[in-house]
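Small disclaimer: the values here were computed from a predicted structure and weren't measured.
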Amino acid sequence: TIYNIAPTETPVVSSIGKTKATATLHEWQTDTLGAAANTALVEGADAAAFTAVPTVRATNRTQILGKTVNVTGTLDSVDKAGRKTETAYQLAKAGQELKRDIEFAILGNVAPVTSAGSTAPKMASIQTWIRTNWTTVGTGSPAAPASPPGSAARTATSTSTTAAFTEVALKAAMKSAFNAGGSPTMLVVPPNQKVKVSAFSGIAANRVSTPNAGTTTKAAAIVGAADVYLSDFGMLSVIPERFMTSDYSSNNGEQALILDPTMLSLATLRPFQSTLLAKTGDAEKHQMLTELTLQVSNEAAHAIVADLNA
């Protein structure tokens with residue numbers, strides 16, 4: 001048996017939708033409703049002229065993510081501890097690594113890159129998209145996210161002007177998302193920020209019922225963590241995320257993402273595939289890859305609290 005404790009959970013990828021991309025520039029459209037108004041019509045009046053508001057086109061580039069597995073003929077022939085064949089084991093391992101790479105890529109702060117010669121294409125990651133409900137706790141007055149969303153990396157505050165994640169900041173972001181029409185259900189945070197969220201007053205009551213209370217001497221559990229945050233504008237599942245990166249070293253410049261998974265999708269142009277490459281010697285070389293992008297169906301459905309210190 002082979003024991004590997006490297007984390008393989010990808011909570012965001014596992015929660016969001018799946019759709020199909022048909023080109024390297026994936027496109028979708030967004031729309032909104034007019035402001036609510038107290039409309040009143042005169043009896044018998046002619047119908048007013050109608051002016052259609054066009055939809056807004058959004059795009060993201062597909063990104064090719066891949067791994068190579070190279071196994072010698074000898075290694076695949078001898079008896080090995082913990083697996084039948086080395087090739088099958090390494091391909092399974094590569095598949096798990098690719099899933100982690102996808103999670104890492106979509107959670108980052110990377111602007112889209114168009115394929116050109118030796119330049120690999122890259123998708124715009126989630127932090128470049130959230131503009132309507134962008135909140136910063138930083139005191140350095142960083143520039144607001146670029147327009148249109150998904151076109152440029154988010155500007156971070158300086159290393160010395162990050163600040164602590166507070167419940168006030170979370171409430172402000174949730175209020176902004178609600179006013180924009182969003183209903184986020186996930187609060188995705190790196191480990192340092194998860195610990196801070198557990199101290200917020202809006203967490204669900206830290207209680208665990210003891211089975212057969214009064215008839216057993218088994219001790220009750222003491223809960224010191226928050227899995228659910230109850231806000232004024234809905235319930236958030238608090239998700240600790242291992243693959244979120246900070247803007248600076250020592251976990252300085254982290255972010256909290258407030259997401260509606262129904263308004264996010266992985267758009268796949270080429271699904272996971274493993275190809276046996278041409279044999280050039282006493283080894284077999286396999287390439288495993290996929291090509292996909294992130295579809296942020298409507299960026300106003302999400303929110304971000306940026307520039308958090310550790």
Side-chain angles (χ1 to χ4, degrees), residues 12 30 56 58-61 63 103-114 122-182 184 186-197 199-200 229 231 233 236 238-260 263-264 294 296 298-310:
V12 175
T30 65
V56 178
T59 64
N60 203 354
R61 293 284 173 184
Q63 180 171 333
E103 184 93 349
F104 184 90
I106 68 174
L107 289 172
N109 181 30
V110 178
V113 177
T114 302
K122 287 186 178 181
M123 71 179 95
S125 49
I126 183 67
Q127 293 183 46
T128 71
W129 281 95
I130 304 174
R131 185 173 191 272
T132 301
N133 307 312
W134 166 78
T135 302
T136 177
V137 297
T139 58
S141 301
S147 180
S151 61
R154 172 186 55 80
T155 302
T157 192
S158 65
T159 56
S160 61
T161 56
T162 58
F165 189 22
T166 64
E167 192 167 9
V168 171
L170 176 58
K171 287 182 174 182
M174 278 293 291
K175 180 181 177 182
S176 179
F178 178 82
N179 286 338
M186 294 175 65
L187 173 58
V188 183
V189 288
N192 289 318
Q193 308 308 324
K194 173 64 169 68
V195 173
K196 294 180 181 180
V197 172
F200 289 176
Y229 179 83
S231 79
F233 307 103
L236 292 173
V238 185
I239 311 296
E241 175 59 75
R242 291 183 173 97
F243 302 117
M244 292 180 72
T245 57
S246 57
D247 295 323
Y248 305 107
S249 61
S250 303
N251 299 317
N252 190 24
E254 294 184 321
Q255 308 84 36
L257 298 174
I258 303 164
L259 307 177
D260 179 353
M263 286 289 166
L264 292 169
L294 176 66
V296 182
N298 195 311
E299 62 85 23
H302 316 286
I304 183 172
V305 182
D307 304 311
L308 310 175
N309 63 26

Non-hydrogen atoms of Asn60 and Pro112 that approach each other most closely = OD1-CB, 4.4 Å
So which heavy atom on Ala180 is nearest to which on Ala300, and how close?
-> CB-O, 3.8 Å
Gln127 (side chain) donor-acceptor with Leu107 (main chain) under 3.5 angstrom = yes
If we only count heavy atoms from C-beta on, is the Arg131 to Ser147 side-chain gap below 4.5 Å?
-> yes
Heavy atoms from other residues, nucleotides or ligands near CZ of Phe104 exceed 12 (cutoff 6.0 Å) = no
Residue pair Thr132 / Glu299, side-chain heavy-atom distance below 4.5 Å = yes
Test side-chain contact (heavy atoms from CB on, under 4.5 Å) applied to Ile239 and Val189, step by step = CA-CA 6 Å; Ile239 311 296; Val189 288; over 6 Å; no
Is there side-chain contact between Lys194 and Val238, with at least one heavy-atom pair below 4.5 Å?
-> yes
Name all residues meeting the side-chain contact (heavy atoms from CB on, under 4.5 Å) criterion together with Phe200; count only those two or more places apart in sequence or in a different chain, and write none if there are none.
-> Phe165, Glu167, Leu170, Val197, Ile203, Tyr229
Close side-chain approach of Glu254 to Met244, heavy-atom, < 4.5 Å | no
Which value, rounded to the nearest 0.5 Å, describes the distance between Ser246 atom OG and Asn109 atom CG?
-> 11.5 Å
Under 3.5 Å, is there a donor-acceptor pair linking the side chains of Asn252 and Thr162?
-> yes
Would you say the side chain of Ile258 lies within less than 4.5 Å of the side chain of Met186, judging by non-hydrogen atoms?
-> no
Between the side chain of Glu241 and the main-chain N/O of Pro190, is any donor-acceptor distance below 3.5 Å?
-> no
Pair up each side-chain donor or acceptor in residues 302-310 with any protein partner under 3.5 Å, not counting sequence neighbours, and list the distances.
residue	atom	partner	partner atom	Å
His302	ND1	Asp260	N	3.1
His302	NE2	Met263	O	3.3
Asp307	OD1	Thr157	N	3.1
Asp307	OD2	Thr136	OG1	2.4
Asn309	OD1	Lys196	NZ	3.2

Indicate yes or no for a side-chain donor-acceptor contact from Asp247 to the backbone of Ala156 under 3.5 Å, with no hydrogens or angles considered.
-> no
What residues, two or more places apart in sequence or in another chain, satisfy ring pair (Phe, Tyr, Trp, His ring centres under 6.0 Å) together with Phe178?
-> Phe233
Just by modelled atom types, is the Gly108 backbone N or O under 3.5 Å from a matching donor or acceptor in the Ser125 side chain?
-> yes
Under 4.5 Å between any side-chain heavy atoms of Leu257 and Leu187, yes or no?
-> no
Heavy atoms, side chains only, cut-off 4.5 Å: are Arg154 and Thr128 in contact?
-> no
Compare all side-chain heavy atoms of Pro184 with those of Met174 and state whether any distance is below 4.5 angstrom.
-> yes
